[in-house]
Each structure stands twice: as C-alpha cells, then as structure tokens.
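Chain letters run A, B, ... following the sequence lines, proteins first, then strands; residues in each count from 1.
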Amino acid sequence: MTNKLSKIPYWLLAGTLTLSATLAHAADTIKVGVLHSLSGTMAISETTLKDTVLMLIDAQNKKGGLLGKKLEAVVVDPASNWPLFAEKARELLQKDKVAVVFGCWTSVSRKSVLPVFEELNGILFYPVQYEGEESSRNVFYTGAAPNQQAIPAVDYLMKDLGVKRWVLAGTDYVYPRTTNKILEAYLKAKGVKEEDIMINYTPFGHSDWQSIVSDIKKFGSAGKKTAVVSTINGDANVPFYKELGNQGISAKDIPVVAFSVGEEELSGIDTKPLVGHLAAWNYFMSVKGKANDAFIKEWHDFIKNPKRVTNDPMEATYIGFNMWVKAVEKAKTIDPDKVIGTMVGIEAPNLTGGTAKMLPNHHLTKPVLIGEIQADGQFDVVWKTKGLVEGDAWSDFLPGSKDIIADWTAPIKCGNYNTVTKTCSGQNFK
Amino acid sequence: MPSRTLIRAGFLTFALTLQVLLGVVPAHAADDAAVQATLVQLRDADFDGKAELVETLAASNHPRLAPILKALYDSRLYYQEENNRTVIGLNDAAEITIEDAVTGAALGAVSKRSLDRITANNRLRSLIENRLASLGLASADSQQRKAAVEAFMRNPDPSGAAPLRERLAVETDGGIKESLTLALALADLASDDATVRATAATALGGQMQTEIRGRLTRVAADDSDANVREAAKSALSRTEFRLQLLGWAETLFFGLSLGSVLILAAIGLAVTFGVMGVINMAHGELMMLGAYTTWLTQQWLPVNWSLPVAVPLAFLVTALVGIAIERGIIRFLYGRPLETLLATFGVSLILQQAVRSIFSPLNRSVAAPDWMSGTILLGPLEVTLNRLVIVGFCIAVFALLWLALQRTRLGLEVRAVAQNRAMARAMGVRSARVDALTFGLGSGIAGVAGVALSQLTNVGPNLGQSYIVDSFMVVVFGGVGNLWGTMVAGLSLGVANKLLEPWTGAVLAKIVVLVFLILFIQKRPRGLFPQRGRAAEV
C-alpha cells in the first residue's frame, strides 16, 4: 500500500512531463477548430462534416502541412445545444487559440456563435445553405445563399415543368420562414396570384403528415400543374415522403423540390416511392468528373466504408478549407486580420468542374444543379445553370433588404450597407 | 477474374446471337440495328431530344419495345461505352447483371462504374407511361388493360386517344369499357370543338377521381366557351356534397389513425406508469430499440416477412431490457419518484448514445412491405394501407394486453399488487417478481409500438424523444392506472388534433391541444377516468 502511494508523485511527474511535451509540440502546429455536433439531434448531419475536415487536414499534412507546420485538429462537441455552441466557440478561440474554425449547421447555432467570433476576431467557415440576410467580417459562407438554390429551383419548375400553383412547406424556424418569404415575394413578382400559393409550417420532427399531404393533394387537384417547394428540415422529411408515396402522389403528379434533402438524408430512407422528386444543390455525388471521383475515393479510403455518400455541405467544407489554405499561403501568416484581408478574391476548384471565387460579401460563386431522386438514393442532374451564380447576402426580393449590400473591401467595408442612404448599420468594423 | 470471363462469355453469346440473327432473319436484325442506333443516341440527347427518340422508338413497333421503355422509365437503361450499345440492368449493385437492350441476350455482370446510366426526368416518364399504356391496351390480360387505361387517365394526351377508341369498339369487359369511356371523355375535354367539350364535361359529372375533378375545375375556370364552362360547373356541383362528407370521413380516419399511434406509444407507459407508478423516462428509448429490432430483422429476412417476425422479437428484446432496468435500477428507487425520474432519464441518454455508437448517428432505412404500401378503397373513402394496418394492430395489441391483465394469473397478481401491495404480499404474491414482470410487459409493449413506428417515421437514435411527451400526455389525460382511459384519451386527442389542424395549422393545433390539457388537468387532476377506492388514495 505505501509502496503504491509513494509511486503517485512519479506518475504525476510523468504526467506533467507528457503534458509539457504536448504543449511544446503544439507550438509547432497550426490548430484548426472543428465545431460540429457529435451528439444530439444534429449529429446525424454534422458528424460527417467533422470527418470531412479531419480528412482534409490529414491530406494537407501529407502534403507537408501549411507554412512548414503541421495542422492539428481540435474537435469539440457542442451537442446540438445552441448556447453550448457559443461556449465551445469561445473555448476554441480563447483556450485553444485555433487559427480557424469550421463549423455549425443550423442557422440558430451560427447566430449563437456570431458575437463570439466578432468579439474575439476569429474566422468561421460556415458550410451549409442558409437563408441569407447576414454578412459578417469574421464568417465565410461557403454554402448557398437563397439566390443560389431556392430562386433557380423555382425558375426551373416554372419554366421547364410549367408549374402554376405552389405549395411552400417548411419546418417552423428561421431558415424556412425567411426563404419562403423571399420565394413568396419572388413568385408574386412573377405574376402568381395569392390563391395559387399555399404556405404551411410544421413543428420540428413532425411525423403525422396525413392531413397536410391530403390538403396538398386537394390543392393540387385544381387542374393547374402544382409543385411543392420544401424547406422541411431533417428528420421530418422521411414521414413526409412516406406519406406522399402512400397517398399515391408521385413526382409526375406533384413534384417536390427540396432544399434540405441530400444524399446523406436519403441513405436513411427507402427511396423507391421518391423517384423523380427533386432537390436543388450546388453539388451532387453523381456528377461525373475527375475532381469529384478523386474526392469520393479519398472519402471512402478515409472513412473505410465504400457505401458512405458525399453531399453538398461536404463540398462546401472542401472549398472553404482549400480557400483558407490558399489565403494563409498568400498572407504567409495565420493572423486573422491578414487572412480575412486576403480571402476576398481567392479561388478554389469546386468538385463539379468549375471554380469557386470568394466574393467581397464573403459568399461564393456556385453552379446551381437540380437533381431527380433515383431508386439507388442518388440524384441525376436534370438541369443546371448556364454559368456560376454569385451568392447574394441580402435578398433583392424582400422589401427590407432590397437596397442593402455587403462588401468587405475598401471603401465600403460593411456587411449591411444601404446603397440608397449610403449608411452602414451594424456589423461595421472600422 | 471471374467477372472478366463472364463478360467475355457474355460477349461471345452476344456475337453468336447476332450471327444467328443475321443469318436466319436478316430483316429482323436490320431492325435491331436501327433500334440500337436510336438507343445509342439517347445518351447524349437532352430531354427534348430524348422525348423525340422515345417517339421514334414507339413508332418502330419492335418486339422489345415494352421492356426497353420500362427500363428507361425505371432508370435501368445504361450505355456501355466499350461496345457502343445500350444494355438493361437487371439488378442494382456494384456488379450489375446486364442484358442487351435490343436482343435481350444475357451479357453477364459488369462493374456499375463502367456503365453510363441514361437518365429520365418526370416529363419523359409521363410520356413513356402514356406510350406504354397504348401498348398495354392490346394485352390479353384484363389487369394490364385496366392499368393501361388508368395510366392514360393520369396524363390524358389527346394525341394518344386513337388506340383507346379502337379498343372501346372491341372491349368486352364491362369495367374496362366504363373507364375507357371516361378516359375518352377526358381526352375530349381538350378537343377543338366546343360541343364535344360540353358533352364530355357532362359525361364526366358525378365522378370523384381527383384527375377528373382537376380537369373539370380547370375547364370550368378557363374554357373559352360559356356553355362548356357551365356544363363543367354543373358536372362538378353534382359531387360537391359527397366530397364534403368524404372530407369529414377522411379527417375522422386521420384522427383515428393518429390516435392509434398515440395509444400504441402510450399503452406500455399505461402499464409501467399507470399500474406501477414508475415514471419511466426511458420509455421512448424502448420504442426505439423495438424499431431497431425491426431494422435488424429486415437485414436477415425478406421485407414482406420481416414484420410478423419483428413483433415478437421486439417484444422479447425490449422486455428483457426493461426487466434489466427494473432489476438493476428502479427497484432500489420505489417510492422515490424524483429519483426514479432522473435515473430513467439517465438510462434514456445512455441508450441513445449507445445506439449512436453501435449503429451510427445516421437513420436506418426500414422498408415498407408490399402489403402495407399504397391505398385501399373503404367504400368511397381512399385510405392508406399502412395507417389501416396500424389501426388494426393497435386494436389487437390493446385487446391482448387487456386479456393478459384480466384473464391470466400474472394479470391478477399485477392488479393485486397495484391495488394494495401489502395485502397482496400477505396473500403470498411475490411482489418483487411481479414488479419485474410488469415492467417487462410494459417495456415489451413499447418495443412492439416501436415496430409500428418504424413504418411511419425515422428509425434513428432520436425516435423515442419525439414520442415520450405525447405518451405521458395520453396517460395523464386518460387517468393513471386505467387502460380504457388511455384508449379514449389517445383517440380523442388524435381526432381533436386532426380537426384543429386544417384551421390552425400543425404548430398551433399542437399548442391548442396542450393548453386544453393543462386546463383540463386543473379541473380534473386525475384524468378522464380516475381510479376510485382506497388504492387510489395511497
């Protein structure tokens, strides 16, 4: 007993030595923060992005790291808990002193960390399509803005499928509400009448879709081509599509175009009743091309499961990571101000064969693709925009944000600049 | 490399077949070549081009036309670059078994990445459905003819109406004759002649199908001729009242089916919470385990057989987990509801994260068996089969549980312990064993409910969370310790929710129901059917 007790100081000493060794080692690395939920409701989507960042860091280190140093991932788990996102972000920036953070999925988590990044002058790469109406100096939005997903999808339905009647169905939170507001204004501007638009909101995780689907069916039986524009989020999609299939609504009768359903979500559904329904994204796994094939292979090798799929937010993470690497190489430092200063104008290849460019409003140029769901859970591209679409932070179709632009280059240097009154309100870093 | 040899063998067979065909029936072979040439063009064509090519194919009258179009419809038509030909995939895997699209000759298995899928979009699928329909019209099988007419009615393109007219002249089956007449009337609605349109509109009166009503509504609104509009309007008005009644019946069914889901989720809790008084926050996770059991059985058994096997299996698995929870944790906490609540909440988190670690955080896809897919006509009411099966299943589970509690020795002991523990023990009932078995029974029923839920919602680690609040709501509303109360409460909450939904929207409907419940509990704290007598006072 005494023998064992007397050993404790040695253990402590050894522990301290290891710790200091780690610290010494840490000084030679550049730390990259990963802020994605690994538990809770959002784990289903966000775990994949954590793995993507780890894979990209691994690949970068094999190429010799960055500025002669190795990259080191600091993974934290905000557990799908929005206030915890802010705490973890603070921890990453203050305690771990990370050079950059890749993270967040839901808009509410992004809104929760935003003040932290602005206060501590960190850099966040946000890889998910979102509702827009925001631009922060410290955030780079590598997912789609509404004009890079929702508006082109509606255009496709209107022009190619001749849709005259619209159901805007969404989960009841900020992204669907804002997107639907933009879409409603856009549709009315295109001459769609009030009675031809049906808007419906459901709670998170809604599972009993019987009456809503039956309403959609009735709404669609007025003799005009009807489509559903779905901003239904996450888990609620499966019972929704199941109910559509069960009530015999096929994609030929009433197509559903979704903005939150990708390959990953489909891998948890029996896709047979869904064939022909649509999704609008900037990337599909099925797109053929060297870059995409290589990315898929790298992913399968890294995750050691050839059945795992890739999706749009993964591509956004990939683009964001490569842009950050390029910006750091160009700035020759990880100093946030210098990196943010060099980011605008940086170009990085996307996986569908084009080049993404970081715009002054911290959004990207992206191609918009519309895909139809296939029986194997993949999408076949049925339409794509001619060129790249520039991400617009402030929608031109909302009365409140029509005159507002974001431009982080001199002389405006503002995320919320009114072009009529020539004033900058909020998010202004002079 | 066996697959290589197979390809080579396949190619040889193909070459041989080609030779034989060339030698014996040269005319046919030339035809084949033409069709193959058309098919090959499909690969690079845009969707307008593809539509034209499909028309060319349909005009060719080739004997393989139906399987080729069906394959394109199902996205199983591929282009094989190395041999510059189109093939049909017979399965969907990394190694895909193919046959020549035109000759139907088996070509063995090849890697899927060596093939280019020929894509179809919705417009193309509608066109193919229409063209396949006219092919099916001539079929000797009356089922196929019926399907053909129905397919035509889904997109009544007047240019495809001629074969229907021909068929109507020779058709003998009364039912098909009737739908042929309707289909032709639908096509006539697009005629250039206003009198033809008006007659067609009148002929379609009294029909309830959404396709027909949709067309009529459109004609009633935008037809250029006033007479036609009038005819369409009066045709529509003939069904209005019936449609309204049907709407009410439909809402009632939706309510009953939502209610039966609530009952299924709550009934296990009615046993553990109602009879034993244990607040089991892990109840939802037991349902989740039941759903995962369904998924596991589907990995081993064909989908159509998996559910009947999954039900008893899920009962066993979750009952055992339940007994383990009771023996391991809850029995030390009887009489301390707050501690029980916290401990079981902990168990629920552990179970969730365990499932996340074992099965991954991604949802699992549980397929619906054929006998639970689609709709069925109950009189004039079209109901979805999966909901109907679940309503029946709920009744069966309820009846079995009721029988178990009323007619078995265990049921008697359970009731005895619930009413007066001390007295039951004095009469020789081993109350510890009864507690464990009761908890196992309640948990097992939760597992069975999980099997039903796997058909309705996501099978993932969060499945339980979304139902736990509803379950407690039903049990509290119905009156703790009363199975009938649970039944009435579940059904009335379901129907109330569905009645409110069209007016208030889904979000508000839920809130209204909750507010009503809170007020109700203020007035009657013991629920709809409170337990009376001495036991209830303890």
Does any backbone or side-chain atom of Asn121(B) lie under 4.5 Å from a heavy atom of chain A? Answer side chain, backbone, both or neither.
both

Whatever's closer than 4.5 Å to a heavy atom in chain B on Asp293(A) counts as side chain

Take atom CD of Glu194(A) as the centre, draw a 6.0 Å sphere, and report whether it contains more than 12 heavy atoms from other residues, nucleotides or ligands.
no

Region of Leu456(B) that comes under 4.5 Å of a non-hydrogen atom in chain A:
backbone

Give, as side chain, backbone, both or neither, the part of Arg76(B) having an atom under 4.5 angstrom from any heavy atom of chain A.
neither

Which atoms of Arg356(B) approach chain A - backbone, side chain, both or neither, heavy atom under 4.5 Å:
side chain

Under 4.5 Å from any heavy atom of chain B - which part of Asp172(A):
side chain

How many angstroms lie between atom NZ of Lys252(A) and atom OG of Ser126(B), to the nearest 0.5 angstrom?
6.0 Å

Where does Phe254(B) contact chain A at under 4.5 Å (heavy atoms): side chain, backbone, both or neither?
both

Heavy-atom cut-off 4.5 Å, strictly under: side chain, backbone, both or neither for Gln352(B) against chain A?
neither

Is it the backbone or the side chain of Ala120(B) that comes under 4.5 Å from a heavy atom of chain A, or both, or neither?
backbone

Could you tell me which portion of Val383(B) (side chain, backbone, both or neither) has an atom closer than 4.5 angstrom to a non-hydrogen atom of chain A?
neither

